[in-house]
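Here the structure comes first, spelled out in structure tokens, and everything after it is commentary.
Just so we're on the same page: letters track the sequence lines, and every chain starts at 1.
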2 protein chains.
Amino acid sequence: MAGDVVQLDDLLATLDRTGPMPLYFQVSSAIERAIRSGEIAPGARLENEIAIAQRLGLSRPTIRRAMEELVDKGLLVRRRGIGTQVVQGQVTRQVELTSLYEDLQNSHHAPGTRVLVHDTRPADDATAAALSVPAGSDVVYLRRQRSTDGVPVAVLVNYLPPDFADITTDQLEAKGLYQILRARGVTIRVANQRIGARRAHGDEGELLDIDKGGPVLTMERVAYDASGRAVEFGHHCYRPDMYSFETTLVAK
Amino acid sequence: MAGDVVQLDDLLATLDRTGPMPLYFQVSSAIERAIRSGEIAPGARLENEIAIAQRLGLSRPTIRRAMEELVDKGLLVRRRGIGTQVVQGQVTRQVELTSLYEDLQNSHHAPGTRVLVHDTRPADDATAAALSVPAGSDVVYLRRQRSTDGVPVAVLVNYLPPDFADITTDQLEAKGLYQILRARGVTIRVANQRIGARRAHGDEGELLDIDKGGPVLTMERVAYDASGRAVEFGHHCYRPDMYSFETTLVAK
DNA sequence: AAGTGGTCTAGACCACAAT
DNA sequence: TTGTGGTCTAGACCACTTA
């Protein structure tokens with residue numbers, strides 16, 4: 001029963017061994033594109049690793065690495081003794097490590113930012129613990145209203161370590177926080193976040209243009225840079241009819 | 001500056017090459033335990049891969065595999081030319097691919113289930129699409145109230161393919177859905193989920209013991225088994241003061 | 001220049017599932 | 001018995017960072 005096994009000849013032509021893009025990434029990207037475009041149907045079986053490796057002139061570990069990438073993304077399912085299959089059902093994108101600003105940009109909307117508060121203040125205990133700074137020491141405090149196409153989407157509260165005190169309000173109105181950090185050489189690598197819900201408090205109802213006491217989606221996040229240092233602590237609330245979190249989970 | 005580099009001698013004694021547990025997993029588990037217990041401090045640098053490999057008598061790829069495991073869990077951060085460091089800040093557990101029942105069990109509470117509805121009915125369009133069954137064909141419908149220590153936590157609505165029609169209400173009262181599926185040889189491998197918020201509808205306020213129209217946290221999930229087939233579609237709502245979703249995100 | 005992780009190769013043996 | 005993915009080895013070369 002090798003009839004409905006998908007072969008991957010077209011990939012051969014596009015492999016580039018001179019550029020900086022890893023071979024395993026070229027392979028996984030090509031397969032991912034084929035799956036998302038429907039060229040490879042949901043449920044289809046792929047050739048085995050060794051056959052693909054020979055066909056593409058690559059080693060088996062390189063192909064394995066490409067496959068693992070796609071398993072982690074929830075696009076493929078593998079079973080020992082059986083083979084590799086494409087997952088049924090429409091594929092949704094991952095929750096990625098981006099700021100809301102970039103999320104909105106990527107969905108082809110025009111994000112807007114209004115900076116409500118931007119100052120430096122002593123950290124409360126929770127913030128000091130999250131950012132690993134001494135309790136009561138100064139941190140940067142931000143409160144912003146985020147909108148898309150003129151409709152308010154979220155109220156964002158952030159705390160940053162004091163060495164980011166020179167970020168300007170103008171920068172914050174023009175770009176996403178993560179973009180500003182990246183331009184300063186700070187890239188976010190890891191984040192812990194908690195998603196919940198509650199009633200809108202204080203002026204949130206007004207800022208989000210929803211009923212007072214209406215439901216909001218909340219997210220708390222502590223983000224770490226490439227050296228493992230905490231660089232951002234935030235607690236945000238979102239208009240639930242404008243935003244939700246999508247995830248793909250893969251059992252290990 | 002090799003002064004504050006953590007060495008990993010203790011691991012050597014515990015390596016077992018006879019059992020079924022992979023070596024890379026033994027290594028990553030031991031390091032994970034050391035990090036979570038505080039034996040290795042946040043921010044600490046680890047030895048380089050080759051040194052660890054030699055020290056433990058393993059090959060470099062095996063050590064790499066162990067490290068990758070920990071990077072994916074958000075415990076380690078690696079930089080080319082620099083080294084490997086433990087992430088700062090307290091480590092939170094992953095959102096895993098478990099049912100709410102198991103979540104509550106693992107947090108040492110006594111989960112309870114009340115089956116509100118359990119029947120077979122024609123699938124509406126959204127359900128049929130999610131489960132990849134013909135529109136209007138019969139599916140299993142479940143509505144359950146989940147509580148912990150007597151306090152209501154969630155109202156769970158699930159749709160299952162028709163071959164699960166023989167699951168009994170008694171089974172559902174006694175165990176989590178995923179445990180029942182696993183006992184039938186069905187293991188969940190991949191799931192797509194969306195988390196949001198809204199007002200409580202209909203009898204949800206009563207069932208969750210919250211104010212009518214109060215906020216609830218919602219989750220929609222489509223889960224797939226090892227062959228990539230959709231085996232569960234659910235939309236649930238949670239009492240926001242009793243439940244939230246924690247995630248660790250890692251940039252790729 | 002030295003040290004680090006990132007990629008890649010070419011094999012080997014094993015556990016598991018189907019036939 | 002055959003075919004599959006899972007694990008493991010022992011190297012090699014490269015890109016990047018720091019000194």
Side-chain angles (χ1 to χ4, degrees), chain A residues 1-6 15-29 44-54 56-72 76-86 185 187 189 225-228 250-252, chain B residues 1-6 15-29 44-54 56-72 76-86 185 187 189 225-228 250-252:
Chain A
M1 270 290 260
D4 49 357
V5 171
V6 173
L15 282 180
D16 171 21
R17 304 187 84 108
T18 69
M21 187 182 296
L23 293 170
Y24 76 85
F25 186 77
Q26 296 181 44
V27 174
S28 69
S29 301
R45 253 189 64 206
L46 264 54
E47 279 185 296
N48 70 66
E49 295 177 338
I50 297 174
I52 296 177
Q54 286 177 346
L56 300 185
L58 297 173
S59 70
R60 186 186 167 198
T62 300
I63 300 301
R64 269 194 79 73
R65 175 71 191 272
M67 300 300 230
E68 281 163 7
E69 207 86 356
L70 298 173
V71 169
D72 286 345
L76 295 182
V77 168
R78 319 193 79 189
R79 281 179 294 173
R80 174 152 47 180
I82 307 279
T84 303
Q85 280 179 295
V86 178
T187 52
R189 277 290 179 82
D225 71 4
S227 71
V250 179
K252 285 169 247 173
Chain B
M1 269 292 257
D4 49 359
V5 172
V6 173
L15 282 181
D16 171 21
R17 303 186 85 107
T18 67
M21 187 181 295
L23 291 170
Y24 77 84
F25 186 79
Q26 295 180 45
V27 173
S28 69
S29 300
R45 254 190 63 209
L46 264 55
E47 279 184 295
N48 70 66
E49 296 177 338
I50 297 174
I52 296 177
Q54 286 176 346
L56 300 185
L58 297 174
S59 70
R60 186 186 167 199
T62 300
I63 300 300
R64 267 193 81 72
R65 174 70 191 273
M67 300 301 230
E68 282 164 5
E69 208 85 358
L70 297 173
V71 169
D72 287 345
L76 295 182
V77 168
R78 319 194 77 188
R79 281 178 294 172
R80 172 153 47 181
I82 309 280
T84 303
Q85 280 178 296
V86 179
T187 53
R189 276 290 178 82
D225 71 3
S227 72
V250 179
K252 283 169 250 177

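Between the CE atom of A:M67 and the P atom of D:dT4 there is a distance of 11 Å, rounded to whole Å. What separates CD of B:E49 from P of D:dT9 is a distance of 14 Å, to the nearest Å. We find that CD1 of A:I52 is positioned 12 Å from C1' of D:dG5, with the value rounded to whole Å. Between B:R45 atom CZ and C:dG5 atom C1' there is a gap of 12 Å when expressed in whole angstrom units. One atom, CZ of A:F25, and another, C1' of C:dC8, lie 17 Å apart when rounded to the nearest Å. Rounding to whole angstrom units, CD of residue B:E47 and C1' of C:dG3 are separated by 14 Å.
Separation of atoms CZ (B:R79) and OG (A:S227) is listed at 5.0 Å; rounding is to 0.5 Å.
Taking only side-chain nitrogens and oxygens, A:T62 comes nearer than 4.0 Å to OP1 or OP2 of C:dT9. Contact annotation: B:N48 side-chain N/O to C:dG3 OP1/OP2 distance is not under 4.0 Å. In terms of phosphate contacts, B:R78 brings no side-chain nitrogen or oxygen within less than 4.0 Å of OP1 or OP2 of C:dT4. Contact annotation: A:R64 side-chain N/O to D:dG6 OP1/OP2 distance is under 4.0 Å. Look at B:T84 and you won't find any side-chain N or O under 4.0 angstrom from OP1 or OP2 of C:dT4. An OP1 or OP2 oxygen of D:dC8 is reached within less than 4.0 angstrom by no side-chain nitrogen or oxygen of B:Y24.
Paired with B:L46 under the rule side-chain contact (heavy atoms from CB on, under 4.5 Å), one option of B:L70, B:V5, B:V86 passes, and it is B:V86.
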Nucleotide-resolved protein contact map, nucleotides 11-19 of chain D, B/S/- at heavy-atom distance under 4.0 Å
-B--BBSS-

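Looking only at side-chain heavy atoms (C-beta outward), A:E69 and A:L76 stay at 4.5 Å or farther from each other. Residues A:L58 and A:R17 have side chains in contact (heavy-atom distance under 4.5 Å, counting atoms from C-beta outward).
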Donor-acceptor pairs are to be reported for all side-chain atoms of residues 61-68 of chain B against protein atoms at under 3.5 Å, with residues two or more places apart or in another chain.
| residue | atom | partner | partner atom | Å |
| --- | --- | --- | --- | --- |
| B:T62 | OG1 | B:S59 | OG | 3.1 |
| B:R64 | NH1 | B:E49 | OE2 | 2.7 |
| B:R65 | NH2 | B:Y24 | OH | 3.0 |

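Each of A:I50 and B:L23 has a nearest nucleotide on DNA chain D; the 5'-most of these lies closest to A:I50.
A donor-acceptor pair under 3.5 Å is absent between the side-chain atoms of B:S29 and the main chain of B:Q26, judged by distance alone.
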